[in-house]
Structures are given as C-alpha cells and as structure tokens.
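Numbers here simply count residues along the sequence, with the first being 1.
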Amino acid sequence: IGKSLKSAGAKIIDGTGKQVTAGIIDEHSHIAITGGVNECSQSVTAEVRIADVIDPEDINIYRQLSGGVTTSHLLHGSCNPIGGQTQLIKLRWGRNAEEMKFAGWDGFIKFALGENVKRSWTSRNQNRFPDTRMGVEQVIADAFQRAKDYMAMPSTKRKDLELEALAEILNKKRFITCHSYVQSEINMLLHLSDKYGFNVNTFTHILEGYKVADKMKAHGAAASTFSDWWAYKYEVYDAIPYNMAIMQKEGLTVAVNSDDAEMARRLNQEAAKSIRYGNLAEEDALKLCTLNPAIMLHVYDRVGSIKTGKDADIVIWSDNPLSIYAKAEKTIVDGII
C-alpha cells in the first residue's frame with residue numbers, strides 16, 4: 001500500500017476511474033453447507049459443528065464473489081435455543097473445505113430466541129420443549145447450570161461434548177451470536193448472562209435493537225441486522241429501517257447481514273440504505289459490511305479494511321460501491337482474483 005510502488009512479481013491492474021474497497025464480510029450466512037442447518041431434535045445441540053459439513057462446491061460461493069463478498073460466517077439455523085458451533089470461511093473458490101476455513105479464528109456458537117425457537121410455525125403435535133418464550137429462557141438457564149456443574153466435576157469425568165462447548169463460553173473461549181427480535185427477550189438473555197457469567201458477543205437480526213441499544217452497549221454486545229426486512233412474521237412488526245443508524249449512533253458496533261444467499265450478493269446496497277434511513281455518512285455505511293463485521297467476528301486484524309499487514313481481500317468496483325449501479329469487476333481473496 002502506497003504510491004509509486006514497484007515489484008517485479010506484482011500483477012498490475014489498471015484501476016483508473018474505479019473505486020477500491022476491502023472485501024465484504026457477511027456476518028450471518030447459510031451458504032456452502034451440506035445436509036441442512038437445523039438439528040431440531042433437541043433444544044440444546046451445542047456439540048454439532050458447521051465445520052464438518054462445508055460444501056466448497058456450492059455455486060453461491062461464486063455468485064457472492066461476484067457481489068464482492070470475501071468472508072462469510074456460516075451459522076446453524078434458529079431451531080434451538082442453543083444451536084451449534086459456527087464456522088468462518090474465506091470464499092476461496094476452487095479450494096477444498098478445509099482450505100476455506102478462516103485460520104486462527106475464535107470459535108462462535110449460534111443461540112436463538114423467539115418464534116422460531118418455540119416453533120410457532122409447526123403444528124402443536126410436532127413440538128418439543130420449549131413451546132413458549134418462558135420455556136426458551138429456562139432451556140438456556142438449565143444448560144448453563146449443567147455446564148457449571150460439569151466444570152466443577154473432577155478432571156477424570158466422562159467427556160460431554162455438549163457441555164464442553166458451553167464450558168468454552170463460560171471460559172470466554174467460544175462466543176455467542178444470538179438470533180433475536182423483540183426487546184423483552186433481549187433483556188431476558190442479558191439478565192441470564194449476568195446471572196451465569198457469560199457474554200453475548202453479537203445479537204443478530206436484532207430488529208428491536210433500537211429500543212435497547214443502551215443496554216446492549218452497557219453489556220458490550222454488537223448488533224448484526226437486516227436493513228429493512230419487515231412483517232414476515234409477527235415478532236417483526238416493530239422493525240424500522242432506521243434501526244442500523246440508531247444503534248450505530250448509540251455507539252454499538254453494527255453490521256448488516258444477509259441470512260439469504262441472494263441478498264448477500266448486494267450487501268453493499270443493503271448498507272447504503274442506512275444513508276437514506278438514518279443519514280449515516282458514506283464511510284460509516286460502508287463499514288456496516290466491511291470493518292464492523294470484522295470487529296464483531298474478532299478478525300479485524302486480518303480483514304475488513306485495506307491496511308498494511310492485513311489479508312489482500314479487495315474489491316474493485318465500477319462505481320461508488322454504495323450505488324445501485326456499482327458492479328464488482330474484480331474480487332480478490334488473499335491476493336488471488
């Protein structure tokens with residue numbers, strides 16, 4: 001990075017009239033996974049891992065590269081109060097599953113609250129506990145109590161992979177990203193975190209985050225949200241498109257996520273909506289899909305901005321990347337086009 005750079009080994013790209021950004025990071029993705037993302041048979045499935053089922057041949061990897069995405073956080077679905085262990089990948093098209101994994105990354109785990117968890121969308125005779133929001137709270141409380149009891153047992157104890165993952169959370173070696181919508185449930189999880197001594201790293205979706213942004217900031221949680229999704233289920237009725245801007249102005253680290261293979265190709269445009277709805281500065285809007293998700297995923301030392309020493313994850317755009325007319329002409333991952 002600099003001016004008048006010369007290297008005999010460097011490939012030269014004429015960027016006259018173009019705009020260059022860091023690669024886009026999707027904090028909430030379900031691409032590149034074989035066999036589904038929901039293990040619905042139990043309320044707590046902390047032992048299951050996305051890392052074991054990565055599909056490096058998913059065409060969505062290629063399509064999202066065409067939209068400037070270079071890093072994706074692969075999550076389980078929102079079937080369980082405590083889901084499984086997530087995986088961060090680089091979109092290294094043409095590489096195998098192991099080579100796509102983001103090296104040296106802190107482990108995360110998916111939690112979920114709300115209608116999906118209490119299975120409002122299934123018929124009653126197919127339900128498994130929990131069936132209500134109060135049941136969701138009790139599932140999470142019970143899980144952490146069991147984890148604390150497990151940690152207090154002698155080292156010769158029989159290993160329990162589910163409780164091992166929960167113990168990692170309590171020991172701050174694994175971090176929570178939590179599917180969430182309504183303020184009452186966000187408050188509930190914050191109270192549980194105080195009681196059991198864990199932290200919520202990220203509230204994802206968080207469509208009523210604007211109501212509790214001060215509480216989230218005090219807790220130290222980040223927010224990964226949709227730009228303007230609304231009314232697709234009952235608990236989304238209070239969603240507003242100003243949510244991103246309000247939370248960012250409150251001092252939270254805020255990202256815009258996709259949760260959708262098609263939308264991920266246009267996260268630059270989703271971020272740009274915060275200029276229309278909230279009057280964010282262009283630089284702050286762009287951070288919603290670059291530096292901010294890198295910060296909340298604990299990889300900002302590697303990706304999220306163009307800086308000496310970081311990975312060469314770069315996008316060359318035909319126009320202002322916040323414009324609907326911008327095309328990602330070249331997407332570069334680890335210096336490879």
Go through it in stages, so that I can follow the logic: the residues are H73 and T86, the test is side chain to side chain donor-acceptor pair (under 3.5 Å), and I'd like the CA-CA distance, side-chain angles, deciding distance and then a yes or no. CA-CA 7 Å; H73 187 206; T86 69; 2.7 Å; yes
Could you tell me whether the side chains of S227 and Q269 share a donor-acceptor contact shorter than 3.5 Å? no
Indicate whether the side chain of S258 and that of D26 have a donor and an acceptor atom separated by less than 3.5 Å. yes
Carboxylate-amine/guanidinium proximity below 4.0 Å for [X] and [Y]:
| X | Y | value |
| --- | --- | --- |
| K211 | D238 | yes |
| R146 | E162 | yes |
| K172 | E168 | no |
| D313 | R302 | no |
| K118 | E115 | no |
| D311 | K90 | yes |

Flag yes if more than 12 heavy atoms outside [X] fall under 6.0 Å of its [atom1] atom; otherwise flag no.
| X | atom1 | result |
| --- | --- | --- |
| K307 | NZ | no |
| I12 | CD1 | no |
| M153 | CE | yes |
| K327 | NZ | no |
| Y232 | OH | yes |
| Y210 | OH | yes |
| Q145 | CD | yes |

Is the shortest side-chain heavy-atom distance between [X] and [Y] below 4.5 Å?
| X | Y | value |
| --- | --- | --- |
| K101 | I54 | yes |
| I33 | D55 | no |
| K273 | P241 | no |
| F203 | I186 | yes |
| S193 | H219 | yes |
| V303 | I25 | yes |
| V44 | V139 | yes |
| C178 | L189 | yes |

When you measure from the side chain of [X] to the backbone of [Y], do you find a donor-acceptor pair of N or O atoms at a distance under 3.5 Å?
| X | Y | result |
| --- | --- | --- |
| N171 | K173 | no |
| T225 | H205 | yes |
| R174 | F108 | yes |
| N199 | N201 | no |
| D58 | I61 | no |
| T290 | S305 | no |
| T45 | V48 | no |
| N243 | I206 | yes |
| E208 | Q183 | yes |
| N80 | E39 | yes |

Hey, any chance [X] and [Y] share a hydrophobic cluster, counting ILVMFWY side chains that come within less than 4.5 Å of each other, even indirectly?
| X | Y | result |
| --- | --- | --- |
| L252 | M296 | no |
| V212 | I246 | no |
| L75 | L113 | no |
| F198 | L166 | yes |
| L163 | M151 | yes |

Reported [atom1]-to-[atom2] distance for the pair [X] and [Y], which is rounded to 0.5 angstrom:
| X | Y | atom1 | atom2 | value |
| --- | --- | --- | --- | --- |
| L65 | K330 | CG | NZ | 14.0 Å |
| L91 | Q64 | CG | CD | 6.5 Å |
| L267 | L288 | CG | CG | 10.0 Å |
| N320 | Y325 | CG | OH | 13.0 Å |
| I176 | K110 | CD1 | NZ | 12.5 Å |
| H179 | S224 | NE2 | OG | 12.5 Å |

For the student: nearest non-hydrogen atoms of [X] and [Y], plus distance:
| X | Y | value |
| --- | --- | --- |
| P81 | I140 | CB-CG1, 4.0 Å |
| M216 | A222 | CE-O, 4.0 Å |
| A328 | G68 | CB-N, 3.9 Å |
| E47 | Q42 | OE2-NE2, 4.0 Å |
| I82 | A46 | CG2-CB, 4.1 Å |

Mind checking what makes ring-ring contact (aromatic ring centres under 6.0 Å, His included) contact with W317, not counting sequence neighbours? none
Contacts of D301 meeting salt bridge (charged side-chain N to carboxylate O under 4.0 Å, His left out) (sequence neighbours excluded), chain-then-number -> none
Identified side chain to side chain donor-acceptor pair (under 3.5 Å) counterpart of H28 within the set T204, T202, N257: T204
Residues forming a side chain to side chain contact (heavy atoms under 4.5 Å, CB included) with E283, sequence neighbours excluded: K287
Determine the interplanar angle of the F111 and F144 rings, folded into 0 to 90°, and report it as parallel if under 30°, tilted if 30 to 60°, perpendicular if over 60°. tilted
E27 vs N292, side chain to side chain donor-acceptor pair (under 3.5 Å): CA-CA, chis, key distance, verdict: CA-CA 10 Å; E27 190 277 337; N292 290 359; over 6 Å; no
Run the ring-centre check on F102 versus W105 and record whether the distance is less than 6.0 Å. no
Passing option when I31 is tested against L74, V69, I59 for side chain to side chain contact (heavy atoms under 4.5 Å, CB included): L74
Tell me whether the NZ or CZ atom of K157 lies within the 45° cone about the ring axis of Y150 and under 6.0 Å from its centre. yes
